[in-house]
Amino acid sequence: MDSNEIRAVLAAQHIETPSWAYGNSGTRFKVFAQPGIPRDAYEKISDAAVVHRLTGVAPTVAIHIPWDAVEDYGHLAQHARDEGVAIGAVNPNTFQDDDYRLGSVCNPDPAIRRKAVDHLVECIGIAEQTGSTHLSLWFADGTNYPGQDSIRARQDRLAEALRETYEAMPEHMTMLVEYKFFEPAFYSTDLPDWGTSLLHCLHLGPRAKVLVDTGHHAPGTNIEMIVATLLREGRLRGFHFNSRFYADDDLMVGAADPFGLFRIMFEIVQAGAVTPESGVAFMLDQCHNIEAKIPAQIRSVMNVQEATAKALSVDLTALDAARAAGDVLAANAAVMDGYNTDVRPLLAQVREEMGLEPDPVAAYAASGHADTINAERVGGSAAGWGA
Ligand code: LRH
Ligand code: MN
């Protein structure tokens, strides 16, 4: 790809930010309150719109129900449009209700499973009102001790719940099935890995696809291998980008492992799946426990842009030639040259061509927006996970 083509791809990139990243979040030890935190879904969307205005590549915001519950979802969608963004994936929440102690859709009690499926179907209705096309499912379901429940029976219950939900979705909607190898369950998780997610998706139908959260794998997992395999199957529908040193740390994407993010984006680039038309949704899923939320989201979007630009900078002709010649070192060097390319000047140029400031973080600091929301957002209760 020549520089013009690379800049065109970067200018058209679409990175979805999560409403919950703008609210208070933390760990089981502490949720640290910060000033200027949004008090409702409207203010979260306004904060996400600031990220889009400064980066130009974050035009949608994922919502989480009930964290973003409002009276009128059509009105919320209009607010998003007024702010220059749109509502993206709708995420149901079946992990914060006492009834779900032993699971939601996998719970032994059919009445509790009914409650969970009703919530999933309710979120399809919300997506219809917001104009969203992605129903993004993650289940905390699992067990903590061997013998606690039948692993097989829980898979049957999961399949039944997903089937009913899939059939309740209108044709234009896609179901994203997210997996996670542990937490909050500490012995078995009912959707623990890409294989289990893929199997359920294959049973459901073409509008059920796998969501890869980069923080949901056992240490040492080759995530780009999973990405390449799911792309080959046409079953990769999206990412929840974040980074981690240990477990599901939900740190800023690219912060803990920029090379890992690059390797994932390089698989995406080789598969021609970097453009929005490819149907792969690039979403962030992060919690800024100690850092300022909006600047952290801006930095995260920039980290995805930098990893993408580095991946697009790999000389594929040289790489193909080296691979054909069996020249291992030359092939690796071609990829490392891409990774070691300083793409920051290129991205600054792309932003200027989009009519934006070359450095969005500096532009945010200079905007005084933080002082404005800190002054305005007094009273009411700051939004958070409500855990
Ligand atoms: C679970 C998860 C899931 C969300 C939640 C906020 O760890 O990644 O995607 O629902 O975080
Ligand atoms: Mn996630």
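Because only heavy atoms are used, hydrogens play no part in the values below, and waters and symmetry mates are left out as well, while side chains stay in. Remember, it's 1-based here, ligands and their atoms both numbered in the order they're listed.
No side-chain N or O of T17 forms a donor-acceptor pair with one of H52 less than 3.5 Å apart.
Both L356 and L54 sit in one connected hydrophobic cluster of ILVMFWY residues. Membership requires side-chain heavy atoms under 4.5 Å apart, directly or through other members.
Checking side-chain atoms of T214 against main-chain N and O of S243 turns up no donor-acceptor pair under 3.5 Å.
For residues 298-332, no residue pair satisfies the ring pair (Phe, Tyr, Trp, His ring centres under 6.0 Å) rule, not counting sequence neighbours.
Between W20 and H240, the angle of the ring planes goes over 60°, which puts this pair in the perpendicular group of the 30/60° scheme.
Of all protein atoms, those of element N, O or S that lie under 2.8 Å from the Mn ion (ligand 2) number 4.
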Table please: side-chain donor-acceptor pairs of residues 250-265 below 3.5 Å, with sequence neighbours left out.
residue: D250; atom: OD1; partner: N242; partner atom: ND2; Å: 3.4
residue: D257; atom: OD1; partner: G260; partner atom: N; Å: 2.8
residue: R263; atom: NE; partner: E224; partner atom: OE2; Å: 2.6

Evaluation steps, side chain to side chain donor-acceptor pair (under 3.5 Å), between H369 and Y364: CA-CA 7 Å; H369 182 266; Y364 181 73; 3.0 Å; yes
Ligand 1: which protein N/O atoms lie under 3.5 Å from its N/O atoms?
residue: ligand 1; atom: 7 (O); partner: K180; partner atom: NZ; Å: 3.0
residue: ligand 1; atom: 7 (O); partner: H216; partner atom: NE2; Å: 3.2
residue: ligand 1; atom: 7 (O); partner: D248; partner atom: OD2; Å: 3.1
residue: ligand 1; atom: 8 (O); partner: E178; partner atom: OE2; Å: 3.1
residue: ligand 1; atom: 8 (O); partner: D213; partner atom: OD2; Å: 3.0
residue: ligand 1; atom: 8 (O); partner: H216; partner atom: NE2; Å: 3.2
residue: ligand 1; atom: 8 (O); partner: D285; partner atom: OD2; Å: 2.7
residue: ligand 1; atom: 9 (O); partner: E178; partner atom: OE1; Å: 2.7
residue: ligand 1; atom: 9 (O); partner: E178; partner atom: OE2; Å: 2.9
residue: ligand 1; atom: 9 (O); partner: H240; partner atom: ND1; Å: 3.1
residue: ligand 1; atom: 9 (O); partner: D285; partner atom: OD2; Å: 3.1
residue: ligand 1; atom: 10 (O); partner: H64; partner atom: NE2; Å: 2.8
residue: ligand 1; atom: 11 (O); partner: D285; partner atom: OD2; Å: 3.3

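Summarising the local packing, CZ of R114 is surrounded by more than 12 heavy atoms from other residues, nucleotides or ligands at distances under 6.0 Å.
The line from CG of N144 to CZ of R101 is 10.5 Å long, rounded to the nearest 0.5 Å.
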